[in-house]
Each structure stands twice: as C-alpha cells, then as structure tokens.
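Here's the structure we're looking at; comments come further down.
Residues: numbered from 1 along the sequence shown.
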Amino acid sequence: MRNVLTSSWNVRNVGLILFSTIVHRSLAPGRGTQDFFASRSTLATRTTLANWHGRYPSIIPYITRVLEELSTAGTASAHSPLFPILIIVRSLRWSSNGSALAEELFQIVKTYLGSSEWQVRTVAAQALSSLVSPDQALQQVYGGCGIDTIGLNVRHGELLYLRHLVSEVIDWDVVDESQRRRIEGVLLDQMSRYRSDQPLIAKATMDLLAAYLESVRSPSGSIRDRAVDLAKMTVQTSAYCPGSSLLVASSGHVLRSFGGEEALPSLISSADDDLTIPTLEHLIDASHATKLGLLRSLINVVIESKNTFARIAALEVIVSLPASDQTLRVATDAHIVRLVAVLEQLLGSSKSVPLKEAALAGLGWAIGLVSLSFAHMTNGV
C-alpha cells in the first residue's frame with residue numbers, strides 16, 4: 001500500500017491499479033452488476049463497514065489517514081489515490097455496530113463535497129451517504145444546504161448528497177406526515193434558490209426533486225407542480241453553456257415522469273436530442289393509450305427529424321400500436337400520406353441499415369392501416 005504514495009508515477013500508477021483491483025474484488029458481488037448504485041436493492045447487498053473492517057483491519061485506518069493528508073494538502077494531484085479510496089467507501093454501508101468508525105470517516109469525507117472537481121464531489125456524495133443511518137439521513141435533509149453564502153462547489157456537493165439520502169438512505173415507510181411536510185419545506189427552499197444559469201447546481205436541484213417525487217408514495221401536489229414548472233421553464237429558456245445539456249436532460253426526466261401526457265408532445269418535437277430521444281425511449285415502454293394520443297407527434301419526428309436514432313425510435317413506437325378507431329382516423333389524414341412517402345424515400349436513399357429496417361416495418365404498418373381503413377369505409381363503418 002505504501003507504493004500508492006510513492007514519488008515515482010510509474011510505480012504509483014501500477015500500485016493504484018493493483019490496490020484498487022484487490023480491494024474491489026473483496027467488495028464486488030459475486031454475480032451481476034458491480035454498480036451498487038444501480039438500484040436501492042443492489043445497495044442493500046453491500047457489505048457493512050464493520051464487517052469489512054473486521055476482515056481487513058489495516059485498510060480503513062490507512063485510507064482514513066490518506067484522506068486526512070489529502071484534505072490537509074488542500075488539493076489532490078492527478079495521480080492521487082483519492083478517487084479510488086472514495087469509491088471503496090461508497091461500496092460499503094452503514095451498520096449500528098460500525099457507527100463509530102463511520103462517524104470518523106464521515107467527518108473527513110464531508111470535506112470533499114466542496115472539491116473543485118465535480119467528479120470528486122459526485123463520488124464523495126455517494127461515499128458520504130454510505131456512512132449515515134436512515135435516522136441521521138432524515139435529520140441532515142432537514143438541515144438542507146445551509147446558507148446562501150456557502151461556495152458554489154459546496155452547494156453542488158451538498159445537493160448531490162441530499163439526493164442520495166432521499167433516494168437511497170431514508171426509510172420512507174416510517175416517515176410520517178409531519179416529517180414529510182418538513183422535508184418538503186426544505187425542497188421548496190431549494191427551489192426558491194433555483195437558477196438555470198448555474199447548470200450543475202440547477203441539475204442537482206432537479207435531480208433532488210425527482211428523487212423525492214419517485215421515493216414518496218403521495219407527494220404533495222404543490223411540490224410536484226412546482227418541480228414541473230421549473231422543468232418547463234428550464235427547457236424553454238436554457239441557453240447553451242457548459243453543463244446546460246445535463247440540466248436539460250434532468251428537466252426532461254421530470255417532465256416525462258411527472259408532467260402528465262400533455263408535456264410529452266413538446267418533448268417529442270423538440271430540436272434538442274437530449275429531450276427527444278429519451279422521450280421516445282420512454283414511449284417504447286409506455287401504454288398504448290399514451291402512444292395513441294401522441295401519434296401525430298411521432299409521425300412528425302419520422303418526417304422532419306434529421307436524427308437517425310430519433311427516427312428509428314419513433315418508428316419502433318409507431319409500429320407497436322394496435323389497430324383501433326383512433327389509428328384509423330389518423331390513417332385518413334395527410335400525416336399518413338406524408339409518412340408513406342418519407343418511408344419510401346428512406347428505403348431508397350438511406351445508407352443506414354437500421355433505419356431502413358425500421359422504415360420497412362413502418363411502411364408495412366402504414367399500408368396495413370390504410371388498407372384496414374379502406375375496408376372499414378367500404379363496409380360502411
């Protein structure tokens with residue numbers, strides 16, 4: 001382990017790789033994903049800090065000392081072991097018999113929420129959420145992100161941390177109505193400080209709101225409506241700057257999940273791929289009723305979009321639709337005529353094999369629908 005801090009970058013790099021590989025082998029599950037943060041259920045499969053310390057008693061004191069040294073230095077070099085160490089910490093979970101050990105690590109890891117590197121803030125927030133109990137998480141969410149005078153990096157890191165507490169640590173089955181209202185007060189305060197010209201911070205706020213709305217069975221309408229309004233405002237007014245695409249993507253997620261069906265047409269027809277493509281992917285798994293209500297918007301994507309993937313996704317949604325009175329009505333208007341013409345053109349001129357395959361399936365769907373519509377008309381239906 002001493003080689004990790006050697007002055008020779010060759011030895012240091014190899015030492016970091018070897019150290020990380022050995023440690024992660026001891027942490028990773030035997031089967032399935034190694035991404036513990038893929039879901040709340042996979043988080044529960046992590047070994048506890050206390051159990052892992054019992055098996056490898058020299059590692060936690062070592063990484064604690066290294067974290068203290070790097071924190072005292074004020075910044076970490078490009079080849080420091082900071083990032084792999086924080087990944088190790090996030091791969092463990094809190095337990096009552098290791099609470100003292102977790103508290104010691106917590107105080108040190110917390111300093112990295114204000115790192116100048118957003119990647120470090122991200123993994124530090126994950127690591128920190130692994131070191132608190134559900135009750136502690138609830139109390140810390142009550143505190144929000146402190147006062148407005150804290151630095152932007154710290155504010156971003158704390159928002160990331162709050163999101164992990166909300167989505168992964170708090171036991172929502174035991175949170176009562178008064179506690180929930182108190183948390184919603186914190187969220188309303190965060191929304192009052194929302195600024196879309198600070199993309200990373202605004203994205204962290206949007207993700208925090210989404211985490212709460214997804215975690216709570218019956219969130220208040222005011223929180224949901226306010227989050228949707230912020231998301232609409234963001235996608236309509238966001239100007240391009242570093243991080244803006246990430247903010248737009250998070251806003252689109254809020255609109256798809258909580259904005260209702262009326263929010264979907266504008267997302268589908270948006271010129272921003274960060275909105276259009278995820279919405280089309282969402283519709284592939286949506287109910288037929290939702291798809292039918294957006295059929296003309298989907299056809300417009302096929303006709304007008306220059307994005308090959310968006311066209312393919314829209315065609316996948318369209319061909320999954322069943323024949324019904326509503327689809328038959330669409331078959332009688334100009335949309336279906338234009339769709340057939342565009343699909344024939346794509347089959348003849350496109351160089352994309354996947355797009356040609358999707359166009360062929362779409363053309364079969366459209367011709368079949370027109371034939372069915374004609375049959376209905378001749379039968380007097």
Side-chain angles (χ1 to χ4, degrees), residues 110-126 128-129 132 136-170 172 175 178-216 219-259 263 274-275:
K110 187 177 181 179
T111 63
Y112 292 100
L113 288 182
S115 170
S116 59
E117 302 291 334
W118 70 266
Q119 299 96 329
V120 172
R121 297 196 296 270
T122 298
V123 73
Q126 292 176 322
L128 204 62
S129 69
V132 296
Q136 290 172 321
L138 196 60
Q139 294 301 317
Q140 292 187 26
V141 170
Y142 289 161
C145 288
I147 58 176
D148 287 325
T149 54
I150 63 176
L152 294 181
N153 288 340
V154 176
R155 177 165 169 74
H156 179 241
E158 292 197 356
L159 283 167
L160 296 176
Y161 174 53
L162 291 182
R163 178 174 68 83
H164 286 293
L165 296 182
V166 166
S167 62
E168 296 151 8
V169 184
I170 293 175
W172 292 103
V175 173
S178 64
Q179 292 171 318
R180 195 185 71 180
R181 284 197 300 268
R182 189 172 175 183
I183 291 173
E184 290 186 351
V186 171
L187 297 179
L188 287 170
D189 175 62
Q190 298 305 321
M191 284 189 277
S192 71
R193 294 190 274 170
Y194 181 91
R195 291 180 55 181
S196 58
D197 61 346
Q198 297 173 345
L200 284 182
I201 295 177
K203 169 183 163 51
T205 302
M206 198 67 69
D207 291 341
L208 171 60
L209 295 171
Y212 176 77
L213 294 172
E214 290 165 352
S215 301
V216 179
S220 69
S222 61
I223 288 288
R224 183 182 60 252
D225 294 344
R226 178 63 175 142
V228 169
D229 288 343
L230 280 179
K232 286 180 180 177
M233 177 197 71
T234 299
V235 300
Q236 292 169 359
T237 63
S238 181
Y240 179 77
C241 61
S244 61
S245 61
L246 299 174
L247 171 58
V248 167
S250 290
S251 300
H253 171 68
V254 169
L255 290 174
R256 285 189 298 274
S257 301
F258 310 107
D274 291 319
L275 294 174

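Residues Ala210 and His253 approach most closely at CB-CD2, 3.9 Å, considering heavy atoms. Here the closest non-hydrogen pair linking Gly144 and Glu158 is O-OE1, 4.1 Å. For the residue pair Met191 and Ala227, the shortest heavy atom distance occurs at SD-N, 4.0 Å. Ala211 and Arg163 get closest at one heavy-atom pair: CB-CG, 3.8 Å. Closest of all the heavy-atom pairs between Ser244 and Pro199 is N-CB, 3.8 Å. In terms of heavy atoms, Ile170 sits closest to Val166 at CD1-CA, 4.3 Å.
Atom CZ of Arg180 is separated from atom CD1 of Ile183 by 9.5 Å, given to the nearest 0.5 angstrom. Interatomic distance, Ser257 OG to Leu209 CG, rounded to the nearest 0.5 Å: 12.5 Å. Note that CG of Leu159 and NE2 of His164 are 11.5 Å apart. Values are rounded to the nearest 0.5 Å. In this structure, CH2 in Trp172 is found 9.0 Å from CD in Gln179, a value given to the nearest 0.5 Å. To the nearest 0.5 angstrom, Leu187 atom CG is 12.0 Å from Arg226 atom CZ. Rounding to the nearest 0.5 angstrom, the gap separating the CG atom in Asp274 from the OG atom in Ser250 is 10.0 Å.
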Output side-chain donor-acceptor pairs under 3.5 Å for residues 136-143, partner residues at least two apart or in another chain, one line each.
{"residue": "Gln136", "atom": "OE1", "partner": "Ser133", "partner atom": "N", "Å": "2.8"}
{"residue": "Gln136", "atom": "OE1", "partner": "Ser133", "partner atom": "OG", "Å": "3.3"}
{"residue": "Gln140", "atom": "OE1", "partner": "Tyr161", "partner atom": "OH", "Å": "2.4"}

Donor-acceptor contacts under 3.5 Å from residues 228-236 side chains, at least two apart:
{"residue": "Thr234", "atom": "OG1", "partner": "Tyr194", "partner atom": "OH", "Å": "2.6"}
{"residue": "Thr234", "atom": "OG1", "partner": "Leu230", "partner atom": "O", "Å": "2.8"}

- Message: Arg121 vs Asn153, test: side-chain contact (heavy atoms from CB on, under 4.5 Å). Steps then yes/no.
- Response: CA-CA 8 Å; Arg121 297 196 296 270; Asn153 288 340; 3.2 Å; yes
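Side-chain contact between His156 and Leu160 is present, with heavy atoms from C-beta onward closer than 4.5 Å. A 4.5 Å side-chain heavy-atom check between Leu188 and Ile223 finds at least one atom pair inside the cut-off. Between Ser196 and Leu247, the closest side-chain pair of non-hydrogen atoms falls below 4.5 Å. Inter-residue side-chain proximity for Arg155 and Gln190 is flagged as met; some heavy-atom pair is nearer than 4.5 Å.
Listed by first and then second residue, the salt bridge (Lys or Arg N to Asp or Glu O under 4.0 Å) pairs involving residues 198-210 are Lys203-Asp207 (not counting sequence neighbours).
Listed for the Glu168 side chain is no donor-acceptor partner under 3.5 Å among the backbone atoms of Ser129.
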